[in-house]
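These notes concern the structure reproduced below.
Note on naming: letters A, B, ... go to the chains in the order of the sequence lines (proteins, then strands), and numbering restarts at 1 for each one.
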There are 2 protein chains.
Amino acid sequence: MTEKTSHATVDDVAALAGVSTATVSRCLNAPDRVTAATREKVMTAVRALNYTPNFGAKALASKRTGIIGAVVPTLENAVFAHGVDAFERALAPGKFALLVASSGYEAGREKRQIEALVARGADGLLLVGFDRDPAIYDWLALRKVPYVLAWSSGESHPYAGFDNLSGMAAMVGMVLELGHRNIAMISGITSGNDRARDRLEGARSAMAQAGLSFCGVREVAYGLESAAGAFSALMADRRVTAVICGNDVLAAGALRAAHGMGLRVPEDVTITGFDDIDIAEITWPQLTTVRVPHSRMGEEAARLLQDLIAGRPGESVLLATELVRRGSHAAVAGAGILP
Amino acid sequence: MTEKTSHATVDDVAALAGVSTATVSRCLNAPDRVTAATREKVMTAVRALNYTPNFGAKALASKRTGIIGAVVPTLENAVFAHGVDAFERALAPGKFALLVASSGYEAGREKRQIEALVARGADGLLLVGFDRDPAIYDWLALRKVPYVLAWSSGESHPYAGFDNLSGMAAMVGMVLELGHRNIAMISGITSGNDRARDRLEGARSAMAQAGLSFCGVREVAYGLESAAGAFSALMADRRVTAVICGNDVLAAGALRAAHGMGLRVPEDVTITGFDDIDIAEITWPQLTTVRVPHSRMGEEAARLLQDLIAGRPGESVLLATELVRRGSHAAVAGAGILP
DNA sequence: TGCATGAATGAAAGCGCTTACATTTTACCG
DNA sequence: CGGTAAAATGTAAGCGCTTTCATTCATGCA
């Protein structure tokens, strides 16, 4: 019994319980492989010594850490905060813990974060989108680290996401049905961001299907201010009656700019969002947007990744998006269609 | 060189570079204790073998993991998402990684999360508020795990936070100055939440100082709906001209309820928030609130915790809050004071 | 009662790294 | 140049756990 200043070890527990260290280990990791009586003895010793297994030793010997890593662009974006939160809750409690890193939307930083997470022994990884240096996927494969891509469909990789393309196409379809013909779009930065790109593409294809194209498209950084600026610029074209936004924050910024310009929403201009985060219900009018099941997605991603880690096959899931009609859309003035 | 299926180890690198494992280790962890020439040889071997140190072995041998744990109530609350994000960014890159767990505002779950984090070898912990079972602090002290409390002043514990009490007192003081006398409050649940309690206390003391007390106080769960319900109930008392809210989400809910009731803000009723998160600028009118430097706080907490882990003294910081006067407040009707 | 069978347990060999201590090399000075 | 201190490097002993394989024990059946 090393009862000086250091902590109790398996040896201490084994000695006190009068069994071998192997038995102590089994009691803790596979209780059913041990007699109830000995289990009792061991657990008593564990409690008496206030024993906690040493993490490093356990990881070294078992080649598993129980740590799962997640790299998201930023937690400041509610979309990721919610998804990660749901993901974390869906991890088998006590078995896995979540290591979170943010990339700030920088590819280089994301790569470093992934390496850092793997270096810290992550048993698996949650990544956002599939648009990244192929070398990263090769490296992950080489290292045999399972991963799940979320927030988009992952092409050939395992994923838990949704179809940004069709979600946005549906939204544009609705706006078209409302009679709008002069439509502009405020998109997120598409470079290195397949979600933004798919949304833009989906919107464009819906327009094309109606034989139209956007009056104007602006790619702006995530944030109220940049969206507000883009909105004013876009509305310089007086014909525009609807502005499609790549996400709710952009839409909220556009909405604010509209108020500032004295425009009534939706009477003068229709503004739509994407994501359906909390703010969609706080703006005035409330945002018409595309609901994305962020929490559900987080759960599915957790399930899938845990399957993969356990060596089970695991199936990717593509969740459905849903149009949420609130107050920021209306039929184009002079057109007699849906309210 | 164990070049079968397994990964390269220090031994492989040492052999290839023609040095001892000790030198390899030094190259990686204390490069300046090694000649430039040998360092070059070793790094070349490292690259050639695609070597990455084994995490478990490293943790076991060095008794350090480079993992810092954080337990927050939920990432769904922007306040914590921002704080954690800033905290993570302020961690020495490459040296520390962040393990995040959420407690869902449940004390029992928080305790388990803390234990899980420590069991995973966390070198230090970030906790929210100081209101928790003292046994947890004892346990942490016994385990010698440094920690920092954030989002409130930490009493005798190391902390990086702000004074919720005086922040709210200032807000109520301002409302009082505007001539309001019949004031109600919507507070967060105070049980087990020192932030909510301090805000309520701060508000009450400011009222008391003016010889007044609230017309009504409601404690509600975090969320738009519950705040909306509380607002309607509180406004049943027709005398009420101002409603102080414990945080911005509550205020946004109250605002929405006000719109629903046909009340004009701020003409008919003044509504104030606390935190100054993004939504404060999205509501209509924009929220008058108390700005809390969440990001700055995250950074300070990271700094402090890293000091503590390194064995340096480390100083707690109390950040200042600031009144942000936007559009949701006004002088009480019939009173001739500040706009 | 004896023996085959499977479950429970024990002995001990690593897992891959860091680090105290020993040894060698280098640098500097008289 | 020899001698010494300091810097660089090597040796090898763990760190605390899991796990394979061997051993012991309990059980059921002939």
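For A:Arg312, the side chain to side chain donor-acceptor pair (under 3.5 Å) criterion is met by A:Asp307, not counting sequence neighbours. With sequence neighbours left out, A:Tyr222 forms a side chain to side chain donor-acceptor pair (under 3.5 Å) with A:Asn77. For A:Arg296, the side chain to side chain donor-acceptor pair (under 3.5 Å) test picks out A:Glu300, with sequence neighbours left out. Under the side chain to side chain donor-acceptor pair (under 3.5 Å) criterion, A:Asn164 pairs with A:Arg199, not counting sequence neighbours.
Residue pairs satisfying the ring pair (Phe, Tyr, Trp, His ring centres under 6.0 Å) criterion with at least one member in residues 74-129 of chain B, sequence neighbours excluded, are listed as follows: B:Phe80-B:Trp151. Among residue pairs with one or both ends in residues 48-79 of chain A, those qualifying as ring pair (Phe, Tyr, Trp, His ring centres under 6.0 Å) are A:Phe55-B:Phe55; sequence neighbours excluded. Sorted by first then second residue, the ring pair (Phe, Tyr, Trp, His ring centres under 6.0 Å) pairs that include residues 114-134 of chain B, not counting sequence neighbours, number zero.
Distance from the side chain of B:Pro53 is smallest for C:dC17 among the nucleotides C:dC15, C:dT19, C:dC17. Side chain of A:Leu60, nearest nucleotide from D:dT19, C:dG14, C:dG16: C:dG16.
An end-to-end axis angle of 30° holds for the helix from C:dT1-D:dA30 to C:dG30-D:dC1, taken from five base pairs per end and rounded to 10°.
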Quick one: what's the B/S/- string for nucleotides 5-11 of chain C, heavy-atom cutoff under 4.0 Å, read 5' to 3'? ---SBBB
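Here the closest non-hydrogen pair linking B:Ser102 and B:Arg109 is O-NH2, 3.2 Å.
The side chain of B:Thr9 contributes no N or O atom lying less than 4.0 Å from OP1 or OP2 of C:dG16. In this structure, A:Asn29 reaches the D:dT18 phosphate: one of its side-chain N or O atoms is under 4.0 Å from OP1 or OP2.
At whole-Å resolution of the value, NZ in A:Lys58 and P in D:dC15 are 20 Å apart. If you measure from atom NZ of A:Lys63 to atom C1' of C:dC15, you get 5 Å, rounded to the nearest angstrom. Between the CG atom of B:Asn54 and the P atom of D:dC15 there is a distance of 18 Å, given to the nearest Å.
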